Protein chains: 2
Amino acid sequence: MEPDIASLAAMIADPSRAKMLTALLSGKALTATELALEADITAQTASNHLAKLLEKELLVVRKQGRHKYFQLAGEHIARLLENLMVLNHNITSIKTGPNDPSLKVSRVCYDHMAGEIAVALYAALLKQEIIIDKVDHCTLSPAGERFFITLGADFTTIKATTRPVCRPCLDWSERRSHLAGTLGQWILNDALHKGWAERDLVTRAIHFSPRGKRAFFNCYAIV
Amino acid sequence: MEPDIASLAAMIADPSRAKMLTALLSGKALTATELALEADITAQTASNHLAKLLEKELLVVRKQGRHKYFQLAGEHIARLLENLMVLNHNITSIKTGPNDPSLKVSRVCYDHMAGEIAVALYAALLKQEIIIDKVDHCTLSPAGERFFITLGADFTTIKATTRPVCRPCLDWSERRSHLAGTLGQWILNDALHKGWAERDLVTRAIHFSPRGKRAFFNCYAIV
DNA sequence: CCGATGCTTCGATGAGCAACGAAGTATACT
DNA sequence: AGTATACTTCGTTGCTCATCGAAGCATCGG
């Protein structure tokens, strides 16, 4: 028979679990109590939910002393969640984008950047033909690879995984593509590493310093 | 705040609704009673579910006399459902593929082909460089377009929509890509039109005649 | 060791909601 | 018109499951 999509969807259908999952979209590993706080429930119920999410393999866990660090089981789960956001966003809301303005400008999407700046970056990379776009996918051009090497990117590690290097990821606030994949990951890490931006300690927001933003825009020729 | 993915997921989380939705993955428009039968529930409860699915815009409806024909609201919904299938499939079952052997061989996925044959077709198109694959996307090569024109394809209509012409769609039984998009749609319609295959009247299965299968394999050089 | 912290198990409570029977509305067939 | 068919509305029932309090286990810090 057809596979059982209901039980998987049910994992996301509970509001508390949904809150936990979206919190984990930050890519950070969070402890059980942090997730309980995030979802506004007690530790007991959170424990219950987390057990279910583990059983269905939406999450993985790493035990460290008396803490348990939970993470999304992989990019595929993150993609599913973002997919749901895009669909639901298109459906329910007139007002576009998140209410929190800093989330709208720049935020983390699993392990890469999303939001206005990320969408502008994607457009800039396209314009310079660093990446080549084909409706719903993209590739890195040879010139693009050279460009990133001059920035200090190490393509032996970027290409080491089975994950694609470039992947367009639909931005639920902008409804346009931004860059995911290992290269998207590298760009975020690089910007953080160079001190151009910092991750918010509680939300998914990414805060650029004024200088950092100028440097970032200059580096990638974002207009 | 973050968008509300829970309520959308809840639509799919109910087993009866999930059955209806998977039935509609056939791409066919089904009436309320047909869907009630499919989900093994009475007409009243089905009516209830369908109202919810309409409200959340997972379905669209066309009224025709005393019948109401329901369809998926678009390819985006179909993709979401197939995504869920892939994930759930990878997670829960050891045995790969559907139990029904004819579904495993060939079935409809919204408006294109899926299953063993469709996966073999995708591989054959790749090998002949009719389509160019890049991990998670693909494009039609110029030679490929000429090839399909000799088969009688009309690219003015194929390219008329905003939908991509080629799109890889992960096959939940084979765990490999098959071809979606308007070209995937054309291939299915063409095969049906030429009498190589017929759609099952009740399930999503596609039945190739022995001659039809030979002709299909020969046409696309499937090995 | 002992208290504090993080997480889990158990049992009870309660709310949400899927399900259906019964009755109502709309359309079609003759 | 009159009956059958398709779908909807209403009210009731009953089950599932999220929630939390209480108590338990594990780990850390002194």
Side-chain angles (χ1 to χ4, degrees), chain A residues 2 4-24 28-73 202, chain B residues 2 4-24 28-73 88 92 202:
Chain A
E2 307 272 6
D4 166 36
I5 57 176
S7 64
L8 177 55
M11 287 301 106
I12 312 173
D14 178 79
S16 303
R17 280 196 294 262
K19 278 184 208 160
M20 292 182 175
L21 290 169
T22 30
L24 288 168
K28 279 191 259 192
L30 299 175
T31 67
T33 27
E34 284 171 328
L35 289 168
L37 280 174
E38 198 71 41
D40 249 316
I41 50 178
T42 60
Q44 306 97 290
T45 37
S47 177
N48 218 338
H49 286 312
L50 291 170
K52 288 180 186 178
L53 290 171
L54 281 178
E55 197 214 320
K56 291 280 177 193
E57 299 188 41
L58 287 158
L59 301 183
V60 290
V61 68
R62 205 161 27 108
K63 209 179 166 179
Q64 218 164 85
R66 52 182 167 180
H67 295 276
K68 273 190 166 185
Y69 285 93
F70 293 88
Q71 267 182 299
L72 296 186
V202 285
Chain B
E2 308 272 7
D4 166 35
I5 58 175
S7 64
L8 177 55
M11 287 301 107
I12 312 174
D14 178 79
S16 303
R17 280 196 292 263
K19 278 185 207 161
M20 292 181 173
L21 290 168
T22 29
L24 288 168
K28 281 189 259 192
L30 299 176
T31 67
T33 28
E34 285 171 328
L35 288 167
L37 280 173
E38 199 70 39
D40 248 319
I41 50 178
T42 61
Q44 306 96 289
T45 39
S47 178
N48 217 336
H49 286 311
L50 291 169
K52 288 181 186 177
L53 291 171
L54 281 178
E55 197 215 320
K56 290 281 177 193
E57 299 188 44
L58 287 157
L59 302 184
V60 290
V61 68
R62 205 162 26 112
K63 209 178 168 179
Q64 218 163 84
R66 54 181 166 180
H67 295 277
K68 273 191 165 184
Y69 286 92
F70 293 88
Q71 268 182 298
L72 295 185
N88 197 57
T92 56
V202 286

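The model shown is predicted, which means the values in this text are computed figures rather than measured ones. In what follows, chains carry the letters A, B, and so on, assigned in the order in which the sequence lines appear, proteins first and then strands, with residues in each chain numbered from 1. Basis for what follows: all heavy atoms, side chains included, without hydrogens, waters or symmetry-related copies.
In this structure, CG in L30(B) is found 5.0 Å from CG in L35(B), a value given to the nearest 0.5 Å. Here CG of L50(B) is found 11.0 Å from CG of L58(B). Values are rounded to the nearest 0.5 Å. From I5(A), atom CD1 reaches atom CZ of R17(B) across 11.5 Å, with rounding to the nearest 0.5 Å.
We find that NE2 of H67(B) is positioned 16 Å from C1' of dT25(C), with the value rounded to whole Å. Separating the NZ atom of K63(B) from the P atom of dT25(C) is a distance of 14 Å, rounded to the nearest angstrom. When rounded to the nearest whole Å, the span between CZ of F70(A) and C1' of dT8(C) equals 11 Å. The separation between R66(B) atom CZ and dT25(C) atom C1' is 14 Å, rounded to whole Å.
Qualifying side chain to side chain contact (heavy atoms under 4.5 Å, CB included) partners for S16(A), counting only residues two or more places apart in sequence or in other chains: D14(A), A39(A), I41(A), H49(A). Evaluation of the side chain to side chain contact (heavy atoms under 4.5 Å, CB included) rule for T31(A) yields T33(A), E34(A), H67(A), Y69(A) as partners, not counting sequence neighbours. Listed by chain and number, the residues in a side chain to side chain donor-acceptor pair (under 3.5 Å) with Q71(A) amount to none (sequence neighbours excluded). Contacts of D4(A) classified as side chain to side chain donor-acceptor pair (under 3.5 Å), with partners at least two apart in sequence or in another chain: S7(A). Residues that satisfy the side chain to side chain donor-acceptor pair (under 3.5 Å) test with T42(B), not counting sequence neighbours, are Q44(B), T45(B). Every residue two or more places apart in sequence or in another chain that forms a side chain to side chain contact (heavy atoms under 4.5 Å, CB included) with L54(A) is listed here: L59(A), V61(A), F70(A). Residues that satisfy the side chain to side chain contact (heavy atoms under 4.5 Å, CB included) test with A10(B), not counting sequence neighbours, are A13(A).
Running 5' to 3' along DNA chain D, contacts with non-hydrogen atoms of chain A at under 4.0 Å begin and end at dA18(D) to dC28(D).
Residues from residues 41-53 of chain A placing a heavy atom under 4.0 Å of any atom in DNA chain C, listed by number, are A43(A), Q44(A), S47(A). Taking every heavy atom of residues 10-20 of chain B and every atom of DNA chain C, pairs under 4.0 Å involve D14(B), S16(B), R17(B), by number.
Considering only heavy atoms from C-beta on, M20(B) stays 4.5 Å or farther from E38(B) through its side chain. Side-chain contact between I12(A) and I12(B) is absent, with no heavy atoms from C-beta onward closer than 4.5 Å.
With hydrogens and angles ignored, the 3.5 Å screen pairs no side-chain donor or acceptor of S47(A) with any backbone N or O of A43(A).
Axis angle across the helix from dC1(C)-dG30(D) to dT30(C)-dA1(D), with five pairs used at each end and values rounded to 10°: 30°.
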